[in-house]
Protein chains: 2
Amino acid sequence: MNIPDTATADKTISINALKISCSACSMHQLCLPMGLEDADIDRLDKIIGKRRRLERDEPLYKMGEPFRNLYAVRFGHFKTYQINVAGEAQITGFQMAGELLGMDAISGDRHHCDAVALEDSEVCEIPFAHLEDLFGHVPTLLRHFHRIMSREITREQNVMLLLGNMRAEQRFAVFLVNLSARYAARGYSPTRFQLRMSREDIGNYLGLTIESISRLLSRFKKLGLVHVDKREVELLEPARLKAMAAGTEQCSPMA
Amino acid sequence: MNIPDTATADKTISINALKISCSACSMHQLCLPMGLEDADIDRLDKIIGKRRRLERDEPLYKMGEPFRNLYAVRFGHFKTYQINVAGEAQITGFQMAGELLGMDAISGDRHHCDAVALEDSEVCEIPFAHLEDLFGHVPTLLRHFHRIMSREITREQNVMLLLGNMRAEQRFAVFLVNLSARYAARGYSPTRFQLRMSREDIGNYLGLTIESISRLLSRFKKLGLVHVDKREVELLEPARLKAMAAGTEQCSPMA
DNA sequence: CGCCTATTTGATGTACATCAATAAAAGTGG
DNA sequence: CCACTTTTATTGATGTACATCAAATAGGCG
């Protein structure tokens, strides 16, 4: 998997250090080093473990595995899901570049869910024990880490709201608008993007079936809200979609 | 609201300090000070703000209010919920003694949901800025705080699983078994306890209607799984309830 | 090209919601 | 303490949003 650096280790240290510098990473304004001064970024760089590449469908970690690292997505997309005794899964989130994986494992010392790459992707390994050591020396980092964990809590609360009392159409609008905002924050088009996950994954995440997702897409298409070709999506009426997501507007029944 | 301590301030410091000592609190093994040495508990005590009493239905905080404190429940019960534009609520959790409220407000600096007392209750105010200061000096406390936040994340993931792909009966079994375990951890009976929340609250939390909850209770009663009188519940067959919660057993259809 | 998987679309079923009525508590004021 | 209203809970009848079942279509890829 990883290029062995046995004899050349000494020579490549500086190169590797450069290679995995957070400041050189395009995601450093969204990711863990956000808001850090250069000196502190250097300290963070020193503890960041190796990068890890994953291909489509490859697991980053599995439920029950001992917890050692958090992971920051460098590029690509992931999904996290829990499996119950019956073998059914519930997808708990989709993660993209700059987002952190594994925080649910801190309590319990074991991973609490599975994380799988949706496409060829790369992550930074962040040894959590070292990160904890660093917290004592870089309060800004600690503050930001707490914000990230807190944001994960609010994100999940929003999903609870979605699953608990939204109709299918609103759920799907929320999903699209959320993706749009996250791509926008990364400098991508908020109106044109690719769905990295299957219809089945979307349905599972939203508490719906694949057929429902398919029908919703067809309906949104017919209403001129979106343009869809395979997994390529264009939001034609972002304002109306946002209104649907907020619950202030609803489109016609199934017809 | 609070007893003003103007002239007597100096004299009462020690008494107050004693009064709000974490080590004297019956919840200290479940709450923030868990696992701390006495010296560190003292440091924590020093930053803990005043206690606050709330009566039934009184809000502890409301969505949008600036975030200053976390709150530890000393006794009583709370619910937290989000409200959407349509004015509908989604309850995101019920909190009991020893549990922490407000972590979702850390990102954003404002409360992200409402918290309301379900009965006469008391909390400890924990000024978050001071807690952050303390983190640099008490690594054990920091570690434990991360575990608490992480546990909140996994709790919410479990609710997502519940809302996303469990049938009503299983949801309700999960709910009862969860309460049972939490009361057990606090030294109360795992089989006999009072529901502190209304049927409506339960339904809202579980993504069901009040009528469904009522029917489920009646059915569980008829099946001899529980004994119910008003809000007093006795779990007559905890093992079967656990099996239902796990999804390995299901009771008969509505009949 | 042919197999395999992903997606779409239609027909039917059902778990739970909604509507409606009653009953039982809980609070309120005299 | 007792009428009174108001809230909360139960139970039944009916409706519906979405699931399930089924079949067809379309890509992806060896």
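Just so it is clear, the structure is predicted and the values come from calculations on it, not from any experiment. In what follows, every chain begins at residue 1, and chains take the letters A, B, ... in the order their sequences are listed.
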| request: Evaluate the salt bridge (charged side-chain N to carboxylate O under 4.0 Å, His left out) criterion for residues B:Glu156 and A:Arg155: first the C-alpha distance (whole Å), next the side-chain angles of each, then the deciding distance (0.1 Å), finally the verdict. | output: CA-CA 10 Å; B:Glu156 291 183 359; A:Arg155 181 192 73 80; over 6 Å; no
| remark: To the nearest angstrom, the NZ-P distance between B:Lys221 and D:dT11 comes to 6 Å
| query | How is A:Gly207 classified with respect to the nucleic acid when contacts are heavy atoms under 4.0 Å: base, sugar-phosphate, or nothing? | reply | sugar-phosphate
| field | Most 5' of A:Leu217 and A:Arg167 on DNA chain C, judged by nearest nucleotide | value | A:Leu217
| task | Tell me what A:Leu208 touches on the nucleic acid: a base, only sugar-phosphate, or nothing, going by heavy atoms under 4.0 Å. | result | sugar-phosphate
| task | Using heavy atoms to find the nearest nucleotide of DNA chain D for A:Ala168 and B:Glu200 separately, return the residue whose nucleotide is more 5′. | result | B:Glu200
| field | Any B:Ser212 side-chain N or O less than 4.0 Å from OP1/OP2 of C:dA17 | value | yes
| request: Taking only the side-chain heavy atoms of B:Lys230 (C-beta and beyond), determine which of D:dA19, C:dA25, D:dA13 contains the nearest atom. | output: C:dA25
| Between B:Asn204 (CG) and C:dT18 (P), how many Å, whole number? | 12 Å
| note | Per atom distances to the A:Arg215 side chain, the nearest of D:dT11, C:dA17, C:dA11 is C:dA11
| task | Measure from CG on B:Leu216 to C1' on D:dA9 and round the result to the nearest Å. | result | 14 Å
| field | Flag for B:Asn158-A:Gln82: side-chain donor and acceptor within less than 3.5 Å | value | yes
| task | Rounded off to whole Å, could you give me the CZ-to-C1' distance for the B:Arg199 and C:dA24 pair? | result | 12 Å
| query | Please give, in whole Å, the distance from D:dA9 P to B:Met197 CE? | reply | 12 Å
| said: Regarding B:Arg171, tell me which of base, sugar-phosphate or nothing describes its non-hydrogen contacts under 4.0 Å with the strands shown. | reply: nothing
| said: Tell me whether the count of non-hydrogen atoms from other residues, nucleotides or ligands lying under 6.0 Å of CD in B:Glu200 goes above 12. | reply: no
| Between B:Glu119 and B:Arg196, does a salt bridge (charged side-chain N to carboxylate O under 4.0 Å, His left out) hold up when you go through it step by step? | CA-CA 7 Å; B:Glu119 62 187 326; B:Arg196 263 48 177 239; 3.7 Å; yes
| query | When you measure from the side chain of A:Ser218, which nucleotide among C:dT9, D:dT11, D:dT10 comes out closest? | reply | C:dT9
| Using a cut-off of 4.0 Å on non-hydrogen atoms, how would the nucleic acid contact of A:Ser198 be classed: base, sugar-phosphate, or nothing? | sugar-phosphate
| CD of B:Glu232 versus P of C:dA24: gap in Å, rounded? | 20 Å
| task | Report the C-alpha distance between A:Gln95 and A:Thr80 in whole Å, list the side-chain angles of each, state the deciding distance to 0.1 Å, and finish with yes or no for side-chain hydrogen bond (donor to acceptor under 3.5 Å, both in side chains). | result | CA-CA 8 Å; A:Gln95 294 80 22; A:Thr80 48; 3.1 Å; yes
| field | Spacing of B:Asp229 atom CG relative to C:dA25 atom P, expressed in whole Å | value | 8 Å
| task | May I ask you to verify whether the side chain of A:Arg231 and the base of D:dG27 hold a donor-acceptor pair under 3.5 Å? | result | no
| task | Grab the CD-P distance between B:Glu211 and D:dG12 for me, whole Å please. | result | 13 Å
| query | Checking side-chain hydrogen bond (donor to acceptor under 3.5 Å, both in side chains) for the pair A:Asn84/A:Gln90: CA distance, chi angles, key distance, verdict? | reply | CA-CA 8 Å; A:Asn84 62 20; A:Gln90 170 69 35; over 6 Å; no
| task | Output the single nucleotide from C:dC16, D:dA9, C:dT8 whose closest atom is nearest the side chain of B:Ile210. | result | D:dA9
| Is there a donor on the side chain of B:Arg56 or the base of D:dT7 sitting less than 3.5 Å from an acceptor on the other? | no
